[in-house]
Chemist: 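Attaching a single structure in structure tokens format; questions to follow.
We name chains A, B, ... by the order of the sequence lines, and we start the count at 1 in each one. Predicted model only: the values in this text are computed from it and were never measured. Side chains are part of it too, since the values below use all heavy atoms of this structure and drop only hydrogens, waters and symmetry mates.
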2 protein chains.
Amino acid sequence: MFSKATEYALRATIYLAQKSSEAHKLGIEEIATAIDSPRSFTAKILQSLTKDNRVVSSVRGPHGGFYMSEKAKKLPVRSILLAMGEDQILEKCVMGLKLCSEIEPCPMHAQYKVIKKQLINLFTSKTIQQLAAEIQEGVVFIKNK
Amino acid sequence: MFSKATEYALRATIYLAQKSSEAHKLGIEEIATAIDSPRSFTAKILQSLTKDNRVVSSVRGPHGGFYMSEKAKKLPVRSILLAMGEDQILEKCVMGLKLCSEIEPCPMHAQYKVIKKQLINLFTSKTIQQLAAEIQEGVVFIKNK
DNA sequence: ATAATTAAAGACAAAGTTATCTTTAATTCC
DNA sequence: GGAATTAAAGATAACTTTGTCTTTAATTAT
Ligand code: FES
Ligand code: FES
């Protein structure tokens, strides 16, 4: 569904929301290990998330690292997709028509639109923080054993 | 969600199911124009669909072309995904965990699993022919105007 | 047989994705 | 100020995806 980059972005931000704060920043080594992702590639991704879209913050130097502000933690998960430039996946036609709409629907549209609505709702209604909270409870995981 | 190749495969097979038969084969030119896809690339894709998985048939020479048998038209849409090697998209974890399961669920699993079930059901229960029938009725489209 | 038609097969190329590694810059600690 | 630490920036490379073009092979019509 999503690119590797976006999968890592989702896992990394949820991990950051759970473990980091302005007072406690995390190094790329810890993050990549925690979410089982390639270190340098993950660094690039987090770097890009600190840019235009303000979802992740960072500072260099000793005791520096990546973290999320309390405000950023309350963003919907969809803001990660937006920042990664993959938000259109939720909106696009499942058969690849240029436009997904009721005006010129593809043969799968009628059935797909209700699924699409739920997908959009899932990514819009849940905040990064809400998903992170469940890891704390130990009921869900951010990597396989 | 799917690759361009799979999108073209879905559109092409639905078009073939609607317009072709063993007695009336379609040339690659007509197919690519009808579904608004790159001609040579689409040829490659159809070629691959005539291989291992028997979803599309073809014959060379005058009055040759691509077609689908009545049996193939009754295959579930999912068989296209299978033939294109993208079936795992329906099964995989939305956050990229190696395994999507109740045993080690990711933070989105609980909400996503119900959507996933509907997605799988959509591709499993609808046949290629059923989707093609709606184009005939003029209520849905296989390309944009 | 020969020519025409059509898909199959293969070589190739441009672009995008997924990574890695090195150098630079910012920050802190001493 | 100098050394250590950490992310930023940049170069590079392997691989995949998307696409084109040319040659070959099969089939049909004359
Ligand atoms: S038009 Fe294809 S899913 Fe909406
Ligand atoms: S484990 Fe992530 S969607 Fe099921």
Side-chain angles (χ1 to χ4, degrees), chain A residues 1-13 15-16 20 22-33 35-68 81 84-86 88-89 96 98, chain B residues 1-13 15-16 20 22-33 35-68 81 84-86 88-89 96 98:
Chain A
M1 181 147 213
F2 300 115
S3 66
K4 285 281 170 202
T6 294
E7 289 176 356
Y8 299 149
L10 288 169
R11 305 221 295 278
T13 50
Y15 183 73
L16 280 170
S20 80
E22 189 153 11
H24 182 67
K25 305 175 186 84
L26 308 182
I28 187 60
E29 191 66 62
E30 173 182 350
I31 298 168
T33 301
I35 70 171
D36 191 23
S37 67
R39 182 204 151 112
S40 293
F41 190 37
T42 307
K44 280 276 182 251
I45 292 160
L46 288 178
Q47 205 181 124
S48 83
L49 289 178
T50 63
K51 286 248 167 49
D52 23 285
N53 302 68
R54 297 268 80 200
V55 16
V56 171
S57 305
S58 69
V59 309
R60 297 193 253 201
H63 297 102
F66 297 94
Y67 69 98
M68 286 179 74
L81 303 186
M84 294 299 294
E86 284 199 27
Q88 79 295 348
I89 289 184
K98 279 162 199 153
Chain B
M1 178 145 212
F2 300 116
S3 67
K4 285 283 171 202
T6 294
E7 289 176 356
Y8 299 148
L10 288 168
R11 305 222 295 277
T13 50
Y15 184 73
L16 280 170
S20 80
E22 189 155 12
H24 182 68
K25 304 173 188 84
L26 308 182
I28 187 60
E29 191 66 62
E30 174 183 351
I31 297 167
T33 301
I35 70 170
D36 191 22
S37 67
R39 182 203 150 111
S40 293
F41 191 37
T42 307
K44 281 276 182 247
I45 293 160
L46 288 179
Q47 203 181 126
S48 84
L49 289 178
T50 62
K51 286 251 166 45
D52 24 285
N53 302 68
R54 296 271 80 201
V55 18
V56 172
S57 305
S58 69
V59 310
R60 297 191 251 200
H63 298 103
F66 296 94
Y67 69 97
M68 285 179 76
L81 304 185
M84 294 298 295
E86 282 198 28
Q88 80 295 345
I89 288 182
K98 279 164 200 152

Chemist: Nearest to the A:Phe66 side chain among C:dA9, C:dA19, D:dA7, which nucleotide is it?
Modeler: D:dA7
Chemist: For a quick check, with a 4.0 angstrom heavy-atom cut-off, what is the B/S/- contact string for nucleotides 21-30 of chain D, read 5' to 3'?
Modeler: B---BBBBS-
Chemist: Would you indicate what A:Ala5 reaches in the nucleic acid, counting non-hydrogen atoms under 4.0 angstrom: base, sugar-phosphate, or nothing?
Modeler: sugar-phosphate
Chemist: Just the rounded figure in Å: distance from C1' of D:dT17 to CD of B:Glu86.
Modeler: 10 Å
Chemist: How would you label the contact of A:Ile31 with the nucleic acid (heavy atoms, under 4.0 Å): base, sugar-phosphate, or nothing?
Modeler: nothing
Chemist: What integer distance in Å separates B:Lys25:NZ from C:dA7:P?
Modeler: 11 Å
Chemist: Please state how far atom NZ in A:Lys4 lies from atom C1' in D:dC15, giving the value in whole angstrom units.
Modeler: 14 Å
Chemist: Round to a whole Å and report the spacing from CZ of B:Phe2 to C1' of D:dT18.
Modeler: 18 Å
Chemist: Taking atom CG of B:Asp36 and atom CD1 of B:Ile31, what is their separation to the nearest 0.5 Å?
Modeler: 14.0 Å
Chemist: B:Gln47 side chain: which of C:dA8, C:dT18, D:dT20 is closest?
Modeler: C:dA8
Chemist: Would you indicate what A:Ile28 reaches in the nucleic acid, counting non-hydrogen atoms under 4.0 angstrom: base, sugar-phosphate, or nothing?
Modeler: sugar-phosphate
Chemist: Quick check for you: to the nearest 0.5 Å, what is the distance between A:Thr6 atom OG1 and A:Ile45 atom CD1?
Modeler: 8.0 Å
Chemist: NA contact type, B:Ile45, heavy-atom cut-off 4.0 Å: base, sugar-phosphate, or nothing?
Modeler: nothing
Chemist: Taking the side chain as every heavy atom from C-beta outward, state whether B:Ile89 and B:Leu81 have any pair of such atoms under 4.5 Å apart.
Modeler: no
Chemist: Determine: side-chain N/O of A:Ser58 to OP1/OP2 of D:dA8, distance under 4.0 Å, yes or no.
Modeler: yes
Chemist: Check the distance between C:dT20's P and A:Arg39's CZ and give it to me in whole angstrom.
Modeler: 11 Å
Chemist: Please give, in whole Å, the distance from D:dT6 C1' to A:Glu30 CD?
Modeler: 14 Å
Chemist: Short question: side chain of B:Glu86, backbone of B:Ser3 - any donor-acceptor pair under 3.5 Å?
Modeler: yes
Chemist: Provide, to the nearest angstrom, the distance between the CG atom belonging to B:Leu16 and the C1' atom belonging to C:dA7.
Modeler: 13 Å
Chemist: With the side chain counted from C-beta on, respond yes when B:Tyr15 and B:Leu26 share a heavy-atom pair under 4.5 Å apart, and no when they do not.
Modeler: yes
Chemist: Any non-hydrogen side-chain atom of B:Lys25 less than 4.5 Å from a side-chain atom of B:His63?
Modeler: no
Chemist: Checking A:Tyr67 now: which residues fulfil ring pair (Phe, Tyr, Trp, His ring centres under 6.0 Å) with it, not counting sequence neighbours?
Modeler: none
Chemist: Would you tell me if any nitrogen or oxygen in the side chain of A:Lys51 comes within less than 4.0 Å of OP1 or OP2 on D:dA9?
Modeler: yes
Chemist: At less than 4.0 Å, is any side-chain N or O atom of B:Tyr8 found next to OP1 or OP2 of D:dT18? Yes or no.
Modeler: no
Chemist: Whole-Å distance between D:dA8 P and A:Phe41 CZ?
Modeler: 16 Å
